[in-house]
2 protein chains.
Amino acid sequence: MLPSYDKELQSHGCKVTPQRSLILDILHESLAHTMTADEIVGLAREQQPNISAGTVYRNLNTLCELGLLKCLDSVGDGRHYELNTGHHHHLVCLGCRQRVAIDFCPMNSEVRDLAEKSGFAVEDHNFEIKGYCTKCRAGAKRSPDTNGGMI
Amino acid sequence: MLPSYDKELQSHGCKVTPQRSLILDILHESLAHTMTADEIVGLAREQQPNISAGTVYRNLNTLCELGLLKCLDSVGDGRHYELNTGHHHHLVCLGCRQRVAIDFCPMNSEVRDLAEKSGFAVEDHNFEIKGYCTKCRAGAKRSPDTNGGMI
DNA sequence: CTCAATGCAAAACCTTTGCATGGCG
DNA sequence: CGCCATGCAAAGGTTTTGCATTGAG
């Protein structure tokens with residue numbers, strides 16, 4: 001079943017609008033991978049044809065601030081969004097740009113100490129493995145340099 | 001001393017122009033941290049006032065393709081460039097957006113196997129630790145949410 | 001009712017691109 | 001001298017913003 005985010009929204013003094021719920025539903029449908037703002041606008045318009053891109057962008061930012069979403073960025077394909085569920089990292093396909101969640105996390109007290117030894121106050125971290133998914137592997141072998149070093 | 005990149009450029013059938021050398025010199029000056037295209041344009045204009053932004057962008061892309069530069073991306077501050085010296089990762093300051101190199105690398109055969117077990121052909125990886133550098137720590141404590149969840 | 005959220009359109013960014021000119025090899 | 005690289009300006013793509021209107025609480 002679809003969890004409702006109404007309570008989280010309201011507890012932040014945030015109104016529950018059809019647009020907001022729709023965005024959260026769309027991201028819930030694709031829990032396994034991330035989406036760009038543009039993809040979200042596209043899917044949202046299937047159900048609510050005149051939802052404005054401005055509204056989607058504004059809501060993505062709002063929902064990130066509330067901590068309901070996470071925003072990822074990586075060379076070559078703009079920002080990606082996902083529901084902020086359990087902590088995880090991603091496999092990023094350099095072909096189709098899809099991000100798929102993985103459970104492995106490299107962060108531990110040792111690494112943290114290393115960073116803090118240089119006066120750095122650690123808040124978060126990010127780990128991504130880049131490569132080619134099963135579907136894109138064939139194409140990748142043909143032209144390994146297609147991506148112009150923008151790995 | 002400044003290493004000259006002339007040979008690398010020439011060996012790729014690439015002309016050595018003042019603009020190209022200047023960009024490489026600027027990035028060599030800041031080996032410890034990365035720079036945005038815009039910062040590079042600014043510094044370049046101090047020495048060559050009418051260098052065009054288009055030229056800088058074109059060269060940054062060219063030099064990435066040649067493998068002389070590395071391009072990094074991260075939420076909240078666009079692309080960053082650095083000389084492609086030894087493999088390393090970064091501490092990213094959420095205050096001043098500075099990226100500082102660290103030596104620790106989480107990648108090993110175990111992690112690689114994990115990714116490849118799901119049919120993924122691993123090509124590269126990226127690890128960054130986000131937080132606040134010594135200079136920005138005070139400010140961070142005052143307003144932890146300034147960055148709108150865009151960690 | 002009130003104030004936040006929306007739709008629309010314009011603007012603000014950042015990056016790329018077309019074209020004529022200049023300069024490296 | 002030929003062709004790549006440059007400067008300039010225009011265009012492209014993405015994200016933000018201003019403003020009047022709508023609608024959730």
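Below, chain A is the first sequence line, B the second, and so on; all start at residue 1.
Mapped onto DNA chain C by nearest heavy atom, Asp38(B) and Gln10(B) fall at different nucleotides, with Asp38(B) at the one closer to the 5' end. Residues Lys15(B) and Asn50(B) each lie close to DNA chain D; by heavy-atom proximity, the contact nearer the 5' end of the strand is made by Lys15(B). When each of Thr62(B) and Ala53(A) is assigned the nucleotide of DNA chain D bearing its nearest heavy atom, the one mapping closer to the 5' terminus is Thr62(B).
Look at CZ on Arg45(A): it is 10 Å from C1' on dG7(C), rounded to the nearest Å. With rounding to whole Å, Ile40(B) atom CD1 is found 10 Å from dT15(C) atom P. Between the CG atom of Leu63(A) and the P atom of dA4(C) there is a distance of 17 Å, rounded to whole Å. One interatomic measurement links the two molecules: CG of Leu66(A) to C1' of dA4(C), which rounds to 13 Å at whole-angstrom precision. The interatomic distance linking Leu60(B) (CG) with dT6(D) (C1') rounds to 15 Å, in whole Å. Going from atom CD1 of Ile51(B) over to atom P of dA5(D) covers 14 Å, rounded to whole Å. Going from atom CG of Leu22(B) over to atom P of dT6(D) covers 11 Å, rounded to whole Å. The NE2 atom of His12(B) sits 16 Å away from the P atom of dG25(C) (whole-angstrom rounding).
In this structure, of dT14(D), dG7(D), dG25(D), it is dT14(D) that holds the atom nearest to the side chain of Tyr57(A). Distance from the side chain of Gln48(A) is smallest for dG7(C) among the nucleotides dT16(C), dG25(D), dG7(C). Closest to the side chain of Ala37(B), from the set dT15(C), dT16(D), dT17(D), is dT15(C). Nearest nucleotide to the side chain of Arg58(B), out of dG25(C), dG7(C), dC19(C): dC19(C).
Note that CG of Asp38(B) is 14.0 Å distant from CZ of Arg79(B), once rounded to the nearest 0.5 Å. Atom-to-atom distance recorded for Leu9(B):CG and Leu68(B):CG is 6.0 Å, nearest 0.5 angstrom.
Using a 4.0 Å heavy-atom criterion, one finds that Asn59(A) contacts the sugar-phosphate atoms exclusively. Within 4.0 Å (heavy atoms only), Arg20(B) reaches sugar-phosphate atoms of the nucleic acid but no base atom.
Taking side-chain N and O atoms only, Ser52(A) has no distance below 4.0 Å to OP1 or OP2 of dT6(C). For Asn61(B) and dT15(C), the shortest distance from a side-chain N or O to OP1 or OP2 is not below 4.0 Å. Residue Arg79(A) places at least one side-chain N or O closer than 4.0 Å to OP1 or OP2 of dT16(D). Phosphate contact (OP1/OP2 of dT6(C), side-chain N/O of Thr17(A), threshold under 4.0 Å): present.
Around CG of Asp103(B), the count of heavy atoms belonging to other residues, nucleotides or ligands within 6.0 Å does not exceed 12.
Between His89(B) and His125(B), the two ring planes are tilted [angle within 30° to 60°].
Paired with Glu82(A) under the rule side chain to side chain contact (heavy atoms under 4.5 Å, CB included), one option of Leu72(A), Leu31(A), Leu69(A) passes, and it is Leu72(A).
Under a 4.0 Å N-O distance rule, the pair Arg112(A)/Glu110(A) does not qualify as a salt bridge.
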